[in-house]
Colleague: 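Structure below; questions to follow.
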Amino acid sequence: MKTRPPRATISDVARTANTGKTSVSRYLNGEEHLLSPDLKTRIEQAIDALNYRPSQMARGLKRGRTRLIGLIIADITNPYSVDVLSGIEAACRARGFTLLMCNTNNEVDLEQHYLQLLSSYQVEGIVVNAVGMHEVVLNRLQQSMLPMVLIDRKIPEFACDVVGLNNQEAACNATRHLLDNGYNALLFLSEPLGSVNTRRERLRAFFATAGAAPDAIAENAEVPLHQPEPLDRALLDFYQRHAGRRVAVVAANGALTLQVARALQRLELVWGKDIGLLGFDELEWAALAGVGITTLRQPTWQIGYAALEQVITRIDGSDAPIRDQVFSGELIVRGSSQPLR
């Protein structure tokens, strides 16, 4: 078995170029004007011959900068998270930072572990799609003064920049669309609300909008994401209790929209015919699902890009007041919310 040759060091470059390490360091740090043309050429040739690659981490630590950004994301299988990640990566490339991504699978213990891990790597800032953090972790973050931006979900009692969707506007527009198309019995479905502010904000706007409509009925139900029985019961109960009314369902996110579509098929209810359906988050399959499913598209790529730019602003020393940066969504109307005959 062949063994890999040892990685060339700055000492190897200096020896090959017949100079000292100080001269090589000056070359690597962009201080070439301090070197003679002959010495510069010898160093370039030595680096090429040895295939020398300096440790960016070591150089960054020496200067007090690592150019590393940490990302803690709740669920990398969620299309929302994938699009956000794409925007963050694009902003990192544009601004000369490297991204360290950690996926928590919506587990609080993993979230704490990755927060500690990223701190040990001396990241310059962190972007978090929060699940729920223990008080001890929050206290440690606040004491460290590490620049941090939250995406989508806020952390209760934690003062931090947040970038996400304008949930009140989006939920109001979605609900109004269904009411305008003649639906007068609306069910808002979400996963357990817990402390997730996005679900609560959308639910409040849903009730406020539907409550202002004459003769409209508005209810909500909380269901676990991957347990079909509670979802089936909630849908069938609502549909049967409001027989004779024009019934529609609002799903609070893309993952739940898929589960609702599957449940309606199991119950032999056809969206756009027997029941209306509208889901938050635009998914690729939504346009292909029979008559198509109406969705509320979030500008997820832009949200990710803006979050990274905001954390860099904090890294650069901005002491501007903490702020929520919100983006408007776009209603993509398809057959699932067409007026029922």
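These numbers were taken from a predicted model, which means no experiment stands behind them.
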Colleague: Please check this pair: side chain of Glu222 against backbone of Leu193, looking for a donor-acceptor N/O pair closer than 3.5 Å.
Modeller: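 Indeed, once roles are kept as given, a pair shorter than 3.5 Å links the two residues.
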Colleague: Going from OG1 on Thr19 to CG on Asp38, what distance comes out if it is rounded to the nearest 0.5 angstrom?
Modeller: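 Separation between the atoms: 10.0 Å.
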Colleague: Identify whether Trp271 and Ile332 are in the same connected component of the hydrophobic contact network (ILVMFWY, side-chain heavy atoms under 4.5 Å).
Modeller: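 No; tracing contacts between hydrophobic side chains, which count when under 4.5 Å, never links both residues.
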Colleague: Using residues 79-101 as the side-chain source, report each donor-acceptor pair under 3.5 Å to any protein atom, sequence neighbours left out, with the distance given to one decimal.
Modeller:
| unit_1 | atom_1 | unit_2 | atom_2 | d |
| --- | --- | --- | --- | --- |
| Ser81 | OG | Asp75 | O | 2.9 |
| Asp83 | OD2 | Thr300 | OG1 | 3.3 |
| Ser86 | OG | Trp301 | NE1 | 3.4 |

Colleague: Between Asp152 (side chain) and Gly164 (backbone), is there a donor-acceptor pair under 3.5 Å?
Modeller: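 Not a single qualifying donor-acceptor pair exists.
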Colleague: Start with the C-alpha gap between Lys154 and Asp324, add the side-chain angles, then the distance that decides, and say whether side-chain contact (heavy atoms from CB on, under 4.5 Å) holds.
Modeller: CA-CA 10 Å; Lys154 299 178 182 178; Asp324 289 0; 2.7 Å; yes
Colleague: Kindly check if the number of other-residue, nucleotide or ligand heavy atoms within 6.0 Å of CD (Glu309) is above 12?
Modeller: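 Count over threshold, so yes.
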Colleague: Among the clusters formed by ILVMFWY side chains lying less than 4.5 Å apart, do Ile126 and Tyr305 turn up in the same one?
Modeller: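 Not linked; separate clusters.
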Colleague: Check whether any side-chain N or O of Arg245 sits under 3.5 Å from a backbone N or O of Ala185 as a donor-acceptor pair, and report yes or no.
Modeller: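 Checking the backbone N and O of Ala185 against the side chain of Arg245, no donor-acceptor pair under 3.5 Å is found.
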Colleague: Salt bridge (Lys or Arg N to Asp or Glu O under 4.0 Å): which pairs involve residues 248-261, sequence neighbours left out?
Modeller: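 Sorted pair list comes back empty.
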Colleague: Can you tell me how far CZ of Arg200 sits from OG of Ser190, rounded to the nearest 0.5 angstrom?
Modeller: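 Between Ser190 OG and Arg200 CZ, I get 9.0 Å after rounding to 0.5 Å.
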Colleague: Can you hop from Phe206 to Val333 via hydrophobic side chains spaced under 4.5 Å?
Modeller: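 Linked within one cluster.
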Colleague: Does the Arg199 side chain pair with the main chain of Pro192, one donor and one acceptor, at a distance under 3.5 Å?
Modeller: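 Judged by distance alone, yes, a pair lies under 3.5 Å.
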Colleague: In Å and rounded to the nearest 0.5 Å, what is the CG to CG distance from Leu308 to Leu71?
Modeller: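 Rounded to the nearest 0.5 Å, the CG-CG separation comes out at 9.0 Å.
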Colleague: Who pairs with Arg314 by side chain to side chain donor-acceptor pair (under 3.5 Å), at least two apart in sequence or on another chain?
Modeller: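 By the side chain to side chain donor-acceptor pair (under 3.5 Å) rule, Arg314 matches Asp161.
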Colleague: With sequence neighbours left out, what residues match Asp180 under side chain to side chain donor-acceptor pair (under 3.5 Å)?
Modeller: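 Once residues adjacent in sequence are excluded, Asp180 has no partner under the side chain to side chain donor-acceptor pair (under 3.5 Å) criterion.
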Colleague: Table please: side-chain donor-acceptor pairs of residues 258-268 below 3.5 Å, with sequence neighbours left out.
Modeller:
| unit_1 | atom_1 | unit_2 | atom_2 | d |
| --- | --- | --- | --- | --- |
| Arg266 | NE | Asp232 | OD1 | 3.4 |
| Arg266 | NE | Asp232 | OD2 | 3.0 |
| Arg266 | NH2 | Asp232 | OD1 | 2.8 |

Colleague: Between Val223 and Arg233, is there a side-chain heavy-atom distance shorter than 4.5 Å?
Modeller: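 Not in contact.
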Colleague: Scan the side chains in residues 213-220 for donor-acceptor partners under 3.5 Å anywhere in the protein, sequence neighbours excluded, and list what turns up.
Modeller:
| unit_1 | atom_1 | unit_2 | atom_2 | d |
| --- | --- | --- | --- | --- |
| Glu219 | OE1 | Arg241 | NH2 | 2.6 |
| Glu219 | OE2 | Arg241 | NH1 | 3.2 |
| Glu219 | OE2 | His242 | NE2 | 3.1 |

Colleague: Ser11 and Lys21: which non-hydrogen atoms are nearest, and at how many Å?
Modeller: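 Minimum heavy-atom contact is OG-CD, 3.3 Å.
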Colleague: With a 4.5 Å cut-off on side-chain heavy-atom distances among I, L, V, M, F, W and Y, is there a chain of contacts connecting Leu50 to Leu39?
Modeller: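 Looking at the clustering, Leu39 is in the same group as Leu50.
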Colleague: Would you indicate whether the side-chain heavy atoms of Asp274 and Tyr239 approach each other to under 4.5 Å?
Modeller: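 Yes, side chains in contact.
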Colleague: Which residues satisfy the side chain to side chain contact (heavy atoms under 4.5 Å, CB included) test with Ala174, sequence neighbours excluded?
Modeller: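 Testing Ala174 for side chain to side chain contact (heavy atoms under 4.5 Å, CB included), a comparison that skips the adjacent residues, returns Leu278.
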Colleague: Would you mind writing out the side-chain donor-acceptor pairs for residues 287-299 within the sub-3.5 Å range, not counting sequence neighbours?
Modeller:
| unit_1 | atom_1 | unit_2 | atom_2 | d |
| --- | --- | --- | --- | --- |
| Thr294 | OG1 | Arg334 | N | 2.8 |
| Thr294 | OG1 | Arg334 | O | 3.1 |
| Thr294 | OG1 | Ser337 | OG | 2.7 |
| Thr295 | OG1 | Glu282 | OE1 | 2.3 |
| Arg297 | NH1 | Glu330 | OE1 | 3.2 |
| Gln298 | NE2 | Asp281 | OD1 | 2.6 |

Colleague: Hey, what do you get for CG (Leu269) to CG (Leu236), rounding to the nearest 0.5 Å?
Modeller: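 Nearest 0.5 Å value for the CG-CG distance: 7.0 Å.
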Colleague: Under a 4.5 Å cut-off applied to non-hydrogen side-chain atoms, are Asn167 and Arg204 in contact?
Modeller: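 Counting from C-beta outward, Asn167 and Arg204 never come under 4.5 Å.
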Colleague: Once you round to the nearest 0.5 Å, how far does CG of Asn18 lie from CD1 of Ile43?
Modeller: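 Separation between the atoms: 11.0 Å.
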Colleague: Applying side chain to side chain contact (heavy atoms under 4.5 Å, CB included), can you list everything that pairs with Gln325, at least two apart in sequence or on another chain?
Modeller: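 Partners of Gln325 under the side chain to side chain contact (heavy atoms under 4.5 Å, CB included) test: Val163, Ala306, Arg323, Phe327.
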Colleague: For Ala252, does its backbone N or O pair with a side-chain atom of Arg202 as donor and acceptor, under 3.5 Å?
Modeller: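 Yes: the side chain of Arg202 pairs with the backbone of Ala252.
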Colleague: Please give me the minimum heavy-atom distance between Thr104 and Ile72, naming the atom from each residue.
Modeller: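 Reported closest heavy-atom pair: CG2-CG2, 3.3 Å.
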Colleague: Are Tyr183 and Val270 connected in a single hydrophobic cluster, I mean Ile/Leu/Val/Met/Phe/Trp/Tyr linked by side-chain heavy atoms less than 4.5 Å apart?
Modeller: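 In one cluster: no.
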Colleague: Taking C-beta and beyond as the side chain, do Tyr52 and Ile10 meet within less than 4.5 Å on heavy atoms?
Modeller: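 A side-chain contact under 4.5 Å exists here.
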Colleague: At their closest point, which heavy atom of Ala221 faces which heavy atom of Leu187, and how far apart are they?
Modeller: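 Between these two residues, the closest heavy atoms are N-CD1, 4.0 Å.
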Colleague: Can you run down the ring pair (Phe, Tyr, Trp, His ring centres under 6.0 Å) pairs that involve residues 243-267, sequence neighbours left out, and say none if there aren't any?
Modeller: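 Listed once each, the pairs would be none.
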Colleague: Checking Asp48 now: which residues fulfil salt bridge (charged side-chain N to carboxylate O under 4.0 Å, His left out) with it, not counting sequence neighbours?
Modeller: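 Asp48 satisfies salt bridge (charged side-chain N to carboxylate O under 4.0 Å, His left out) with no other residue.
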Colleague: So, do Val13 and Tyr27 sit near enough that their side-chain heavy atoms are less than 4.5 Å apart?
Modeller: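 Not in contact.
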Colleague: Is there a donor-acceptor contact under 3.5 Å from the side chain of Asp12 to the main chain of Thr9?
Modeller: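 Looks like yes, one N/O pair under 3.5 Å.
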Colleague: Considering all heavy atoms of both residues, which atom of Leu186 and which atom of Ala210 are nearest to each other, and what is their separation?
Modeller: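 That closest heavy-atom pairing would be CD1-CB, 4.3 Å.
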Colleague: Would you sort out whether Ile315 and Ile69 count as a side-chain contact (heavy atoms from CB on, under 4.5 Å), showing the intermediate values?
Modeller: CA-CA 10 Å; Ile315 290 170; Ile69 297 289; 3.6 Å; yes
Colleague: A side-chain contact here means heavy atoms from C-beta on lying under 4.5 Å apart; do Arg176 and Leu179 qualify?
Modeller: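 Touching, per the 4.5 Å side-chain cut-off.
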Colleague: Check the pair Phe280 / Thr198 against side-chain contact (heavy atoms from CB on, under 4.5 Å), numbers first and verdict last.
Modeller: CA-CA 11 Å; Phe280 276 76; Thr198 52; over 6 Å; no
Colleague: For Cys172, check side chain to side chain contact (heavy atoms under 4.5 Å, CB included) against everything at least two apart and list the hits.
Modeller: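 With sequence neighbours excluded, Cys172 shows a side chain to side chain contact (heavy atoms under 4.5 Å, CB included) to Thr209, given in chain and number order.
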Colleague: Tell me the closest heavy-atom pair linking Val311 and Pro147, and the distance in Å.
Modeller: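 Taking Val311 first and Pro147 second, the nearest heavy atoms are CG2-O, 3.7 Å.
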Colleague: Drop me the distance from Leu231's CG to His226's NE2, to the nearest 0.5 angstrom.
Modeller: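 Answer rounded to 0.5 Å: 11.5 Å.
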Colleague: Considering all heavy atoms of both residues, which atom of Cys102 and which atom of Leu118 are nearest to each other, and what is their separation?
Modeller: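 Closest pair (atom of Cys102, atom of Leu118, distance): SG-CD2, 4.1 Å.
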